[in-house]
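We name chains A, B, ... by the order of the sequence lines, and we start the count at 1 in each one. The analysis underlying the following values was restricted to heavy atoms, covering all of them including side chains, and did not include hydrogens, waters or symmetry mates.
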Amino acid sequence: MLPVDDQLKIITSGTMQIVPMDELKAKLAKGEPLNIKLGVDPTSPDLHLGHAVPLRKMRQFQDLGHRVTLIIGNGTALIGDPSGRDSTRPPLTEEQVEANAKTYVEQAAKVLDMDKTTIVHNGDWLKPLDLQSMLRLMSHFNVARILEREDFHNRYANQMPIALHEFIYPVLQAYDSVVIKSDLEMGGNDQIFNLLAGRDLMRAEGMEQQVALTMPLLVGLDGHKKMSKSYGNYVGLTDKPNDMFGKLMSIADEVVPMYFRLCSTLPIDEVDAIEAEFKAGTADPYARKRQLARNICDLYHGEGAGQRAQDAFDAQFKRAEVPEDIPEFPAADIQVNDQGQVYLAKLMADCGLASSVGEARRFIDGGGVKVDGVTIAAKAYNVDPATLVAGTVIQHGKRKFVRIA
RNA sequence: GGGGAUGUGGCACAGCGGCAACUGCGGCGGACUGUAAAUCCGCUCCCUCUGGGUUCCCUGGUUCGAGUCCAGGCAUCCCCA
């Protein structure tokens with residue numbers, strides 16, 4: 001294993017908080033592999049780059065010789081983590097949890113070294129807990145402390161409901177740490193309370209306490225709000241390379257260095273250099289953004305994927321060419337009306353370019369619809385069927401295409 | 001258990017009984033660009049649309065007419081116990 005200081009340089013890169021740092025140093029100084037814990041909240045089967053931030057940090061731990069325990073939260077899923085939420089999560093069924101956990105592991109495997117990863121289910125020890133044990137665990141916590149949490153506090157202050165069972169979530173998560181005897185637990189910054197709850201409970205049980213390490217929440221494509229599926233500002237780990245590349249090109253300039261640090265595979269020294277470049281104002285944001293997008297495409301889709309995505313991107317947006325891989329709509333399904341015309345708005349709704357006929361009309365009136373590169377005039381909803389032969393491309397905006405087949 | 005307040009389109013916030021419903025945010029499209037930022041313009045319930053249909057927590061009622069008034073319910077929050 002590397003000397004403690006060298007390990008720390010890698011471990012601390014991009015982290016938000018490490019509490020307490022002294023204990024981490026002491027644990028590392030033993031020279032033995034640490035048990036790194038990450039709890040998986042099996043509510044969202046589709047992971048995005050934000051989820052990958054802690055995973056990448058775990059991978060760095062693995063590369064340093066440490067071990068990772070991935071906890072599938074099939075027990076805690078009965079509650080749903082209230083962290084950062086402004087409303088109660090709906091409970092999941094056992095089947096949903098298992099299905100979600102499976103896709104989670106598949107996606108996480110792109111980042112983690114699965115040979116150094118242990119997967120366990122916390123339902124195995126949480127579900128057999130009897131009332132007496134539950135009460136004993138709960139007695140180590142108090143309501144005022146839990147209410148101090150920002151999310152609960154906000155919900156309380158904003159007159160939003162808080163269900164009683166949501167208070168138990170940190171208790172159960174803390175108990176996981178006791179069971180697996182974790183040395184360090186990772187999480188997003190909104191997890192800090194839950195991670196510290198683990199420390200409290202371990203001390204109460206007379207164990208060596210885990211260290212809490214949090215990673216910043218990744219900001220989304222808009223550069224302001226956190227990356228989240230519900231905000232629609234995310235890059236999915238399973239996004240096609242071309243989508244991934246395009247989305248990454250649209251991030252705000254200011255967040256490029258942070259994306260390099262939290263999402264790319266670039267060595268720390270190079271990330272430091274890029275960050276300094278941006279700070280000094282000498283950076284070429286466009287070129288750096290392209291480098292970033294290539295790197296991340298390579299990470300999730302294999303070496304060379306980034307370059308191919310960049311070529312496709314340049315063709316579509318620099319040279320305004322129609323991309324190769326676009327949805328098709330069979331010519332046979334095109335409906336002709338009484339006048340022998342094709343009602344274009346209806347066709348657009350049918351082939352998925354618009355969610356309703358009325359919406360398609362608005363798109364046309366707004367000048368955002370092209371057929372074979374020619375903009376359709378406002379109100380020109382009817383089109384001669386002869387112009388819609390196989391190979392014709394209908395386009396809405398800059399990035400939505402359908403080819404008649 | 002008692003008292004009070006609130007419930008409007010993705011979110012926020014308006015709405016003397018005549019409203020498809022003000023405004024802001026967000027989203028989409030166009031111009032300009034580096035699919036960045038900033039700025040400007042248009043659209044943003046459904047419908048082959050100078051018109052029609054269905055909406056303002058739910059159910060009834062008053063009225064020519066109700067998001068707006070009345071009654072009962074449901075939900076959330078606050079105060080007291």
Side-chain angles (χ1 to χ4, degrees), chain A residues 85-88 152-164 166 219-226 228-235 239-259 278 281 283-294 297 309-323 334-350 352-370 373-383 394-401:
Chain A
R85 300 275 300 184
D86 58 10
S87 59
T88 309
F152 282 143
H153 181 79
N154 288 343
R155 281 162 68 174
Y156 195 67
N158 292 323
Q159 312 190 337
M160 305 288 281
I162 302 173
L164 190 55
E166 295 183 81
V219 289
L221 302 176
D222 55 274
H224 299 290
K225 286 184 284 197
K226 68 167 183 173
S228 151
K229 199 175 177 186
S230 51
Y231 292 144
N233 62 355
Y234 69 101
V235 178
D239 278 354
K240 294 209 178 83
N242 290 0
D243 291 338
M244 205 176 246
F245 193 94
K247 285 180 179 180
L248 287 166
M249 287 304 290
S250 75
I251 62 174
D253 288 359
E254 303 78 67
V255 300
V256 170
M258 189 191 302
Y259 269 62
F278 270 82
D284 176 352
Y286 182 62
R288 285 302 184 195
K289 217 180 275 185
R290 285 162 76 87
Q291 178 189 3
L292 173 73
R294 285 195 307 272
C297 282
Q310 179 172 302
D311 293 342
F313 176 86
D314 288 345
Q316 183 174 352
F317 295 106
K318 285 189 146 180
R319 300 194 292 277
E321 292 167 14
V322 176
I334 296 177
Q335 294 175 24
V336 179
N337 66 13
D338 302 342
Q339 290 91 49
Q341 298 279 295
V342 174
Y343 193 63
L344 187 59
K346 174 89 168 92
L347 175 59
M348 286 178 66
D350 287 344
L353 285 174
S355 60
S356 75
V357 179
E359 186 177 76
R361 294 162 146 279
R362 282 185 243 113
F363 291 158
I364 292 171
D365 290 346
V369 176
K370 292 178 182 177
V374 181
T375 303
I376 301 299
K379 307 291 179 192
Y381 309 128
N382 282 305
V383 176
I394 306 173
Q395 179 179 356
H396 165 227
K398 284 179 188 157
R399 42 189 132 165
K400 273 162 278 180
F401 303 85

| Nearest-Å distance, CZ (Arg399(A)) to C1' (C28(B))? | 10 Å
| field | Atom C1', compared across A37(B) and C32(B): separation rounded to whole Å | value | 12 Å
| message | Regarding G29(B), can its base be found pairing with the side chain of Asp365(A) as donor and acceptor, where the two atoms are less than 3.5 Å apart? | response | no
| Pair partner, U8(B) [Watson-Crick or wobble, under 3.5 Å] | G15(B)
| Roughly how far, to the nearest 0.5 Å, is the NZ atom of Lys346(A) from the CD atom of Gln335(A)? | 5.0 Å
| request: Would you state whether a donor and an acceptor, one from the side chain of Lys400(A) and one from the base of U35(B), lie under 3.5 Å apart? | output: no
| request: Round to the nearest Å and state the distance from Met348(A) atom CE to U48(B) atom C1'. | output: 15 Å
| request: Mind calculating the distance between CG (Leu221(A)) and P (G27(B)) to the nearest angstrom? | output: 11 Å
| message | Could you tell me how far G51(B) sits from G60(B) if I compare only their C1' atoms? Round to whole Å. | response | 33 Å
| Can you tell me if the side-chain N/O atoms of Arg361(A) get under 4.0 Å from OP1 or OP2 in G42(B)? | no
| For Met249(A), which of Gln310(A), Arg290(A), Met244(A) qualifies under side-chain contact (heavy atoms from CB on, under 4.5 Å)? | Arg290(A)
| task | Could you tell me whether Arg319(A) and Asp314(A) make a salt bridge, using a distance below 4.0 angstrom between a side-chain N and a carboxylate O? | result | no
| request: Would you check if Asp365(A) and Lys379(A) make a side-chain contact, meaning some heavy-atom pair closer than 4.5 Å? | output: yes
| For Phe363(A) and C43(B), are the ring centres under 5.5 Å apart with planes inclined under 30°? | no
| task | Could you check how far CZ of Phe245(A) sits from P of G34(B), rounded to whole Å? | result | 15 Å
| field | Inter-nucleotide P distance (U76(B), A81(B)), Å rounded | value | 23 Å
| field | Nucleotide opposite U63(B) in a Watson-Crick or G-U pair, distances under 3.5 Å | value | none
| said: Could you tell me how far G27(B) sits from A20(B) if I compare only their P atoms? Round to whole Å. | reply: 30 Å
| Looking for any heavy atom pair under 4.0 Å, which part of the strands does Lys318(A) touch: base, sugar-phosphate only, or nothing? | nothing
| request: Write down the distance separating the P atoms in C74(B) and G26(B), rounded off to the nearest Å. | output: 39 Å
| message | Nearest whole Å is fine: how far is U33(B) C1' from Phe313(A) CZ? | response | 12 Å
| message | Does the structure show a Watson-Crick or G-U wobble partner for A37(B), both distances under 3.5 Å? Name it, or say none. | response | none
| note | From NE2 of His396(A) across to C1' of C28(B) the rounded distance in Å is 6 Å
| request: Spell out, as yes or no, whether a donor-acceptor pair under 3.5 Å connects the side chain of Gln395(A) to the backbone of Gly397(A). | output: yes
| message | If the cut-off is 4.0 Å, is Ser356(A) near the phosphate of C46(B), judged by side-chain N/O to OP1 or OP2? | response | yes
| query | Does Lys289(A) pair with Asp284(A) as a salt bridge, N-O distance under 4.0 Å? | reply | no
| field | Interatomic spacing from CD1 in Ile364(A) to NZ in Lys370(A) - rounded to 0.5 Å | value | 14.5 Å
| message | Need one value for Gly246(A): base, sugar-phosphate or nothing, where a base atom within 4.0 Å counts as base even if backbone is also close, heavy atoms only. | response | base
| field | Gap between atoms CZ and P, on Arg319(A) and U35(B) respectively (whole Å) | value | 12 Å
| Taking any strand in view, what nucleotide pairs with C43(B) in a Watson-Crick or G-U wobble way, both distances under 3.5 Å? | G27(B)
| message | Between the base of U44(B) and the side chain of Arg362(A), is one N or O donor paired with an acceptor at under 3.5 angstrom? | response | no
| task | For C11(B), measure the glycosidic angle (O4'-C1'-N9-C4 for a purine, O4'-C1'-N1-C2 for a pyrimidine) and name it syn if it falls within 90° of 0, otherwise anti. | result | anti
| task | Take atom P in C56(B) and the same atom in G9(B), then report the distance between them in whole Å. | result | 10 Å
| said: Roughly how many Å apart are G73(B) and C80(B), using the P atom of each and rounding to a whole number? | reply: 26 Å
| Distance, rounded to the nearest Å, where Glu359(A) contributes CD and U48(B) contributes P | 13 Å
| message | Here's a test of your reading of the structure: between Asn242(A) and Gly367(A), which maps to the more 5' nucleotide of RNA chain B? | response | Gly367(A)
| Whole-Å C1' distance, A38(B) and U33(B) | 11 Å
